[in-house]
Structure formats: structure tokens, C-alpha cells
Amino acid sequence: MNSKLKNKNSKLPFVFVNMAMTADGKIATANRAVHSFGSARDLEHLYELRATADAVMCGARTVEISQSILGPGGEKFRKRRLQGGLAEYSLRVIVSGSGSLDPSAEIFEKRFSPILILTTQRASARKLAQLRKLADGVKICGKTEINFRVALRWLRTKWNVKRLLCEGGGELNGALFRAGLVDEIHLTICPKIFGGRTAPTIADGRGFERLKDAEEFQIQSIRRFGGELFTVFFRQK
Ligand SMILES: NC(=O)c1ccc[n+]([C@@H]2O[C@H](COP(=O)([O-])OP(=O)(O)OC[C@H]3O[C@@H](n4cnc5c(N)ncnc54)[C@H](OP(=O)(O)O)[C@@H]3O)[C@@H](O)[C@H]2O)c1
């Protein structure tokens, strides 16, 4: 799907991706054992960005592996949200096309804000019933793969999501890039090399095969804190 089409549809949220990446472009080690490697400043940055979002979204594997609850951080960030006219806590969105999401993931134990699950018709009736018990909303958006345009429109119209922060992982990001739905990327480049052919990157999945199809971004800012580079890219219209 062509990114240039997005502007024509005003009923989609602004989508921004935030990731920490090694100097060789990895977001975790190949065995997924190391998934958190940014500095304290990078963690602060993550909460700063969450404080500007109506909803935070992750793929099923990220929620399971990192055991992230997608929370707002401390009180100062909750205050910042309220001052900015947002709800005290953001909505939390999990993507699981097959419904394989682990029901014992920690996020389901913390009920401070609604949890929404995006899935497909691949999820069996049993899995769907399980997801519906776990989540505050379950949306089937596509036959075998999530149709993110449908999903985002639902988030905007049903849940009033105007700013959606995507925090990976690589497969989810890759699908959003392919759909031309990412408006902005916040990338923290960390001075480490993980290597590993199968280590995830900021955009995995099928990818693009031709240069002319690649999503184009422009650099907006680069700031250095300690040994890390905090970069922001925006999509070229
Ligand atoms: N450094 C960082 O900033 C950072 C940030 C986030 C994650 N990570 C790391 O990245 C790794 C996880 O990344 P990942 O790429 O393996 O997994 P992921 O994107 O978190 O999750 C993949 C799963 O999400 C669902 N999914 C994603 N895109 C879909 C689509 N288009 N249609 C249907 N379902 C879709 C599928 O779930 P089902 O299998 O249930 O269908 C898929 O198996 C972890 O090691 C994590 O720690 C790092």
C-alpha cells in the first residue's frame, strides 16, 4: 500500500515508532536473550514519548519476551499526560495475528488501562474466546495478516486514538512500514554490535524488494547523550 495515500485518509492516527538499535542495526540478540540495552536516558526518552501517545502498541513476541506492561512510567509522566490533555494512562494495543499470545504475560495482570488486541481470522474460536477474556477489546482485521489501515481506523474511530506509539518488534514495525503507515521514527543508536544473521532489526518480515518501493524518510534531528545518538526521522511525503 502506498504511503502517499495516508494523507488522504484523515481518520488514521499519527504513527510514531520508537526503537533502540545497535550500531549494526539489531534490536535484540539472535537468541532474544538481550532485549534491553539502552541507557537510563534512553528509558527516560521512552517514557517521554509514551507521555505524548493516546495508545502504545507492541507485537505479541515483544510483550512476551520483554514482559513489558506498556505503562506510563512514574507520576511525573502521568501528570505530563494530564497537562497535555491526555488520559492519565495510555491505551495498550497488542498485535497477534494467530492469537498465539501467551495469556500469562505480565501485561494482563496490570489493569490500569484498557488492553486491545488486534488479530486475524487465523485465530481459532478457542483462541478468540481466550483473547476476549483477557482484553477490553479484540478486533479481527484481516484474513491471514492484519490490515493495519482497518486496524488504525478502528483505533481512531472507536477508541479516539490520535497518536499511536509503536514499540516494535521488528515484525510488527516491518508490517507498518510496508503498509506505508509510519509517520515518524525515533531511533536510539547504541554503540554496541550484536551481529547474528537472525537477530531482529527495526523492520523485519517480508520487506521491500525494489528500491522504488522503499519507504523514504528524512532526518529531522540528531542529538548525542553520552555514547548514544538520539535520532528522529519523518516520512517524506
Ligand atoms: N530494542 C528495542 O527497542 C526493541 C523494541 C521492541 C522489541 N524488541 C525485541 O524484538 C524482539 C521481538 O521482535 P519480533 O519481530 O520477533 O516480534 P514482534 O514484532 O514483537 O511480534 C511478532 C508477532 O506479532 C504478531 N504480528 C506482527 N506483525 C503482524 C502482522 N502484520 N499480522 C499479524 N500478526 C502480526 C504475530 O503474532 P502471532 O504469532 O501471535 O500471530 C507475530 O508473531 C524481542 O527480542 C524484543 O525484545 C526490541
Which residues pass the side-chain hydrogen bond (donor to acceptor under 3.5 Å, both in side chains) test with [X], sequence neighbours left out?
X: Thr120; result: none
X: Asp24; result: Thr22
X: Glu44; result: Lys76

Legend entry - Cationic N near anionic O, under 4.0 Å, Glu48 to Arg41: yes

Inset, instruction - Before accepting this row, confirm whether a basic side-chain N of the pair Lys79/Glu75 lies closer than 4.0 Å to the acidic partner's carboxylate O. - result: yes

Legend entry - Cluster overlap Met21 with Leu176, hydrophobic side-chain contacts below 4.5 Å: yes

Legend entry - Verify same cluster id: Ile202, Phe148 (apolar side-chain graph, 4.5 Å):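 Looking at the clustering, Phe148 is in the same group as Ile202.
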
Legend entry - Six-ring centre of Phe14, Arg156 cation under 6.0 angstrom, axis tolerance 45°: no

Inset, instruction - Mark yes or no for whether Arg149, through its side chain, and Ala151, through its backbone, hold a donor-acceptor pair below 3.5 Å. - result: no

Inset, instruction - Give me the other members of the hydrophobic cluster that Phe208 sits in, counting Ile, Leu, Val, Met, Phe, Trp and Tyr linked by side-chain heavy atoms under 4.5 Å, directly or via other members. - result: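 Under the 4.5 Å side-chain rule, Phe208 groups with nothing.
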
Legend entry - Co-members of Phe230 in a cluster of I, L, V, M, F, W and Y side chains, linked at under 4.5 Å: Phe225

Legend entry - Other residues, nucleotides, ligands: >12 heavy atoms within 6.0 Å of Glu209 CD: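 At most 12 heavy atoms, drawn from other residues, nucleotides or ligands, come within 6.0 Å of this atom.
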
Inset, instruction - Would you please name every residue forming a ring pair (Phe, Tyr, Trp, His ring centres under 6.0 Å) with Phe108, sequence neighbours left out? - result: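 By the ring pair (Phe, Tyr, Trp, His ring centres under 6.0 Å) rule, Phe108 matches no residue at all.
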
